[in-house]
Amino acid sequence: MRVVGILIGTKGRGSNMAALIQAGLPVALVVAPSPEAPGLARAAELGVPTLALDPRRDDLVAPLKAAGVTVLCLAGYLRLLPDSVLDAFPGRVLNIHPALLPRHGGKGMYGMHVHEAVVASGDTETGCTVHQVTSVYDDGQILGQLRCPVHPGDTANDVAARVLALEHELYPSVVRSLL
Ligand code: GRF
């Protein structure tokens with residue numbers, strides 16, 4: 001059986017993490033680089049074991065393997081991962097990006113920067129992408145996308161809210177199909 005681990009960001013809300021857990025996926029462990037990460041408290045409320053550990057300094061593979069994790073989902077974690085982590089879960093480290101990759105991806109393209117770029121570009125459509133994680137930002141194979149319109153006069157906040165609702169739909173469905 002495949003088991004999911006989730007790596008969240010230090011400042012992230014953890015809403016994608018909560019969507020994965022609430023979709024009933026077998027989530028064995030939620031990790032964040034800092035014990036202050038708001039998402040860790042949310043994970044604990046949802047009954048999932050948590051761990052504070054910075055993958056750039058500490059061994060992430062051993063605790064994930066000890067928890068039985070076979071698929072690692074990044075949810076708001078913004079750094080590149082060490083090769084040791086990618087090698088331990090070949091093709092099974094996933095990320096969700098709040099745009100239609102390959103548009104509006106790459107280093108520095110995260111959070112509101114993405115939605116601001118979408119509005120500035122005049123794109124009439126955006127969405128979200130689940131992709132495999134590699135050693136290059138937002139570059140791995142695309143596993144799923146959902147699309148939504150960008151309306152004339154939309155602010156980046158309008159677009160962000162529309163896309164986030166789609167993220168909560170897409171991520172659990174892609175992970176479920178992988179399990
Ligand atoms: C999401 O927009 C996701 O696409 C990106 O980081 C954000 C995390 O949000 N990778 P949350 O912490 O899951 O609410």
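Every number for a ligand or one of its atoms is a count from 1 in the order of the listing.
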Among all the protein's non-hydrogen atoms, which is closest to [atom], and how far away is it?
atom	result
atom 12 (O) of ligand 1	Gly14 N, 2.8 Å
atom 13 (O) of ligand 1	Asn16 N, 2.8 Å
atom 9 (O) of ligand 1	Arg13 NH2, 3.0 Å
atom 4 (O) of ligand 1	Glu167 OE1, 2.7 Å
atom 8 (C) of ligand 1	Gly76 CA, 3.7 Å
atom 10 (N) of ligand 1	Ile96 O, 2.8 Å

Does Leu164, backbone or side chain, put an N or O under 3.5 Å from an N or O of ligand 1?
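Such a contact does not occur with ligand 1.
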Distance check, rounded to the nearest 0.5 Å: [X] atom [atom1] versus [Y] atom [atom2]?
X	Y	atom1	atom2	answer
Arg92	Thr70	CZ	OG1	6.0 Å
Met109	His97	CE	NE2	7.5 Å
Cys73	Asn16	SG	CG	10.0 Å

Only one of Leu81, Val93, Val133, Val30 passes side chain to side chain contact (heavy atoms under 4.5 Å, CB included) with Leu7; say which it is.
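Result for side chain to side chain contact (heavy atoms under 4.5 Å, CB included) with Leu7: Leu81.
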Would you say the side-chain atoms of Asp123 and His104 include a donor-acceptor pair closer than 3.5 Å?
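There is such a pair between these side chains.
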Would you say the side chains of Thr155 and Asp158 form a donor-acceptor pair under 3.5 Å?
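Yes, a side-chain donor-acceptor pair sits under 3.5 Å.
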Best match, Ala99, Ser15, Ala160, Gly12: closest heavy atom to atom 11 (P) of ligand 1
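Result: the heavy atom closest to atom 11 (P) of ligand 1 is in Ser15.
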